[in-house]
There are 2 protein chains.
Amino acid sequence: MFQGVRLMSNTDTCNDSRRTMELDNQDLEILKILQVDVRTAIERIADQVGLSTASVQRRLKRLRDNHVISSDVAVVEPKAVGQTMTFLLHVELDRDNLDFLVVFKKKMRNEPRVQQCYYVTGESDFILIVTAKDMEDFDALTQELFFDDSNVRRYKTSVVMERTKVSLALPLG
Amino acid sequence: MFQGVRLMSNTDTCNDSRRTMELDNQDLEILKILQVDVRTAIERIADQVGLSTASVQRRLKRLRDNHVISSDVAVVEPKAVGQTMTFLLHVELDRDNLDFLVVFKKKMRNEPRVQQCYYVTGESDFILIVTAKDMEDFDALTQELFFDDSNVRRYKTSVVMERTKVSLALPLG
DNA sequence: GGTGAAAACGTTACGAG
DNA sequence: CTCGTAACGTTTTCACC
């Protein structure tokens, strides 16, 4: 019985609607606006871009269907919800074993206090951006992530004194 | 002539509607949902939280007016718009002079390729998360940011091999 | 905090270029 | 294949309970 994953041959088309999509200037204009405020009325976008609402609508649907827009999120102010501290961690793993990597990444993705996790070149393996309510919360987190049954060789903590710029916006056009 | 910054006395009230607001579990539930998808219909949120749409509506307005929700953004997929590379930079400034700091921060906020900028404790002064179209684009950026008329003592580049987790979501409740 | 009517908004079908 | 117009359905908003 065939239990493996069905792989695509070279000639197959990758049909997960993630193929690169051509974007014209008007698409980019739409993205520029929505990157700053998703709640902008389509009518207003239409005015600004010089298209009808229907056209903007269609483009928007295409942008979302093709995962050019990967998500639409409300950005919450950390201090307003008691997350008063931000840290930046450099993490070095014990081995470059693939299984450990997979386990570690999964752990990061499942931990809400880890906002961001980057696998990088250089001395460290991973760089994490982490929020915590207070020092105690942070200590508990490092305990969970790095001591209890872990393959972390060492880690280095930087305290964020100021979140000078925090965004996911991209340069467009 | 008075040229300094007008400081608030201890007894002044900071009247920018950014004062801490009490959040109950239902507010947190609303935030949890919107953090993942701002486009969730209010009716659906109401169902999930166990309130009427009007109530959710009012809470939402309060959350936005009080900057608990600081913005609503569309997250764009970097690769889809030609931003194929991500870097993490450690930057050390020449002096801890306040004016230099202010100038540097402003530069970071005005540069679209700098997505994030954190002022941190430790060896480095700043940590940047940067996107670029390619190596050439990245080179141009470092040139602009760090060489032309700058107070940067040194910087270190890490190439991001994988954006394992990239979000601005916070742990709530 | 809930209800419901009015208004605003997003969506889709259609015909045109 | 993409546009705009216009009618349609849904969602949000708001005065009132």
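Heavy atoms only: backbone and side chains are in, while hydrogens, waters and symmetry mates are out.
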- request: Mind listing the residues from residues 31-41 of chain B sitting with a heavy atom below 4.0 Å of DNA chain C? Number order is fine.
  value: none
- request: Not counting sequence neighbours, list each pair that qualifies as a side-chain hydrogen bond (donor to acceptor under 3.5 Å, both in side chains) and has a residue in residues 33-57 of chain A.
  value: none
- prompt: Between A/I30 (CD1) and D/dT2 (C1'), how many Å, whole number?
  reply: 13 Å
query: Rounded to the Å, how far apart are B/E43 CD and C/dG10 P?
result: 17 Å
message: Just the rounded figure in Å: distance from C1' of C/dG10 to NZ of A/K61.
response: 13 Å
Hey, what are the protein-to-nucleotides 2-8 of chain C N/O distances that come in under 3.5 Å?
from, atom 1, to, atom 2, distance (Å)
C/dG2, OP2, B/S52, N, 3.0
C/dG2, OP2, B/S52, OG, 2.9
C/dG2, N7, B/R58, NH2, 2.8
C/dG2, O6, B/R58, NH1, 2.9
C/dG2, O6, B/R58, NH2, 3.4

field: Pairs touching residues 72-90 of chain A that satisfy salt bridge (Lys or Arg N to Asp or Glu O under 4.0 Å), sequence neighbours left out
entry: A/R64-A/D72
message: Applying ring pair (Phe, Tyr, Trp, His ring centres under 6.0 Å), can you list everything that pairs with A/Y118, at least two apart in sequence or on another chain?
response: none
field: For atom CD1 of B/I45 and atom C1' of D/dT10, their distance in whole Å
entry: 15 Å
field: Distance, rounded to the nearest Å, where B/R44 contributes CZ and D/dT12 contributes C1'
entry: 16 Å
task: Answer yes or no: is there a donor N or O on one side and an acceptor on the other, between the side chain of B/N66 and the main chain of B/V68, under 3.5 Å?
output: no
message: Check this for me, if you would: do A/E123 and A/K156 make a salt bridge, where the nitrogen-to-carboxylate-oxygen distance has to be below 4.0 angstrom?
response: no
A/Q57 CD - D/dT11 C1' separation (whole Å): 13 Å
- request: May I have the distance from B/L60 (atom CG) to D/dC14 (atom P), rounded to whole angstrom?
  value: 13 Å
side-chain hydrogen bond (donor to acceptor under 3.5 Å, both in side chains) pairs, two or more places apart, involving residues 160-173 of chain A: A/E162-A/T164, A/E162-B/K105
query: What is the nucleic acid contact for B/R59, judged by heavy atoms within less than 4.0 Å: base, sugar-phosphate only, or nothing?
result: sugar-phosphate
message: Can you measure B/I42 atom CD1 to C/dC9 atom C1' for me and round it to whole angstrom units?
response: 12 Å
message: Using a 3.5 Å distance criterion without hydrogens, assess whether the side chain of A/S70 forms a donor-acceptor pair with backbone atoms of B/V76.
response: no
- prompt: Closest approach of A/L93 and A/D125, non-hydrogen atoms and distance?
  reply: N-OD2, 2.7 Å
- prompt: Taking atom CD1 of B/I45 and atom CD1 of B/I33, what is their separation to the nearest 0.5 Å?
  reply: 5.5 Å
